[in-house]
**Q** 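First the structure, which I've put down as structure tokens, then a few questions once you've had a look.
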Amino acid sequence: MNSVSVITLVHGRRSHLENLVIGLNQSTTLPQELVIVHMNERSKYSLPSTSFPQHRYQVNSSDTKIPLAKARNEGVRQAKYDFFVFLDVDCIPSPTLVADYLRATQQFNGLIMGEIRYLPKHALPTSWQTSELEQWGVPHPSRPVVNKLVEPTDQYELFWSLNFAITRKNFEAIGGFDTQYQGYGAEDTDLAFTARHKNISFALCSATCYHQHHAVYRPPLQHFRDIVANALRFYEKWQTWPMEGWLQEFVNRGLIQWSEEEATIKIVRDPNSTEIKAAYQETPAGF
């Protein structure tokens, strides 16, 4: 397994995408291609040149929801090679990320998730060096630290889609991302749970990327209806709740009636514009 297709999705994050492209072009082992899927936006702008081909595609939804699951599946469909590295558009790969994943897949067959180091708000000047990213990047306080190249685990609930790798064979065995999840939330946890159901192993990997800062909503009230719908979809499939923290935040604000023991969620009301605005946070390191 020596040929790599890197896949990323983008909606409105041009500068972050440019940094991802620049970082990928500095890899000690270059990928064979970069597949970029634009979601609900045109792909007219130019990107930094690379020593490998860039292929750009567009996926639209019939509403304003970002079609994450559909776009990731489209990236795989368009990829020419059989080993995929998925990078969130906010992530700048370390120089050894591609090489680390290639070494990891020689030791481990399954779903492989790399490490993420978070950059503070003002970490990226006009130009940057990898040594600066290494200095600025900090681990997420609630995520495990990986001490080896590959560390198998049965904690599938840890999976995030920001930085991971998988072979085409395993991706197809899983069935790809479930496109019944619409908009934000739970589609990546669902992929991991399906991998477990299909007896596909899961491992953490030291392949590192650096997450560029962006403001967040805590809780993500702007995705309120998506989160509720996707949580219900997830519970229907797995009889357990995802995103419990966000759901409890919605309960605390009087938006829904729900408890972990219940099999449904009742929407009391939608958040108003003032509540959504108040949830907007400029976090120090993008957590």
Side-chain angles (χ1 to χ4, degrees), residues 4-27 31 33-41 43 47-48 54 56-57 59 65-76 78-79 84-95 97-98 100-101 111-121 123-124 128 133 136-140 142-143 146 158-166 171 176-177 181 183-192 204-217 220 223 226 230 243 283 285-287:
V4 180
S5 295
V6 175
I7 300 170
T8 192
L9 317 181
V10 61
H11 174 81
R13 294 271 173 85
R14 178 176 176 176
S15 62
H16 284 199
L17 176 60
E18 290 172 347
N19 283 325
L20 182 154
V21 171
I22 292 169
L24 197 60
N25 199 50
Q26 297 176 1
S27 298
E33 64 174 352
L34 171 61
V35 177
I36 302 168
V37 183
H38 294 264
M39 302 177 294
N40 294 353
E41 68 172 14
S43 57
L47 290 170
Q54 301 177 37
R56 300 167 74 173
Y57 304 94
V59 167
K65 296 177 181 178
I66 303 301
L68 295 168
K70 180 180 179 182
R72 290 195 184 101
N73 291 345
E74 179 66 11
V76 167
Q78 297 291 351
F84 315 128
V85 171
F86 283 83
L87 282 178
D88 188 281
V89 70
D90 297 324
C91 294
I92 302 174
S94 67
L97 178 137
V98 173
D100 288 342
Y101 272 133
L111 178 62
I112 309 173
M113 186 180 74
E115 285 205 274
I116 303 162
R117 294 289 182 265
Y118 289 81
L119 300 172
K121 182 178 179 180
L124 290 176
W128 47 267
L133 303 185
W136 293 326
V138 296
H140 195 288
S142 66
R143 307 295 287 183
V146 184
L158 291 175
F159 178 73
W160 282 350
S161 56
L162 277 74
N163 174 19
F164 76 99
I166 192 169
F171 189 85
F177 285 87
Y181 292 94
Y184 178 91
E187 85 288 341
D188 49 0
T189 308
D190 178 86
L191 181 90
L204 308 179
C205 177
S206 60
T208 301
C209 68
Y210 300 95
H211 187 279
Q212 302 171 77
H213 178 273
H214 60 80
V216 298
Y217 289 82
H223 298 302
D226 289 353
N230 288 339
M243 304 180 288
T283 56
F287 298 138

**Q** Taking only residues two or more places apart in sequence or in another chain, which ones pass salt bridge (Lys or Arg N to Asp or Glu O under 4.0 Å) with R14?
**A** E18
**Q** Looking at every non-hydrogen atom in both residues, tell me the closest pair between Q54 and P48 and how far apart they are.
**A** NE2-O, 2.9 Å
**Q** For the residue pair Y118 and H140, does the interplanar ring angle fall in the parallel (under 30°), tilted (30 to 60°) or perpendicular (over 60°) class?
**A** perpendicular
**Q** Is the distance from the ring center of H213 to that of W136 below 6.0 Å?
**A** no
**Q** Sort out for me which residue in N163, V85, L20 forms a side chain to side chain contact (heavy atoms under 4.5 Å, CB included) with C209.
**A** N163
**Q** Test D90 against R13 for side chain to side chain contact (heavy atoms under 4.5 Å, CB included), laying out the working first.
**A** CA-CA 8 Å; D90 297 324; R13 294 271 173 85; 2.7 Å; yes
**Q** List the atom of L87, the atom of T8, and the distance in Å for their closest heavy-atom pair.
**A** O-OG1, 2.7 Å
**Q** With respect to Y181, which candidate in D190, D188, N230 satisfies the side chain to side chain donor-acceptor pair (under 3.5 Å) definition?
**A** D190
**Q** Checking F86 now: which residues fulfil ring pair (Phe, Tyr, Trp, His ring centres under 6.0 Å) with it, not counting sequence neighbours?
**A** F164
**Q** Which pair of non-hydrogen atoms, one from V6 and one from P31, has the smallest distance, and what is that distance?
**A** CG2-CB, 3.7 Å
**Q** Can you name the closest pair of heavy atoms from M243 and A186 and give their distance?
**A** CE-CB, 3.9 Å
**Q** So which of I66, L68, V89 actually passes side chain to side chain contact (heavy atoms under 4.5 Å, CB included) with L9?
**A** L68
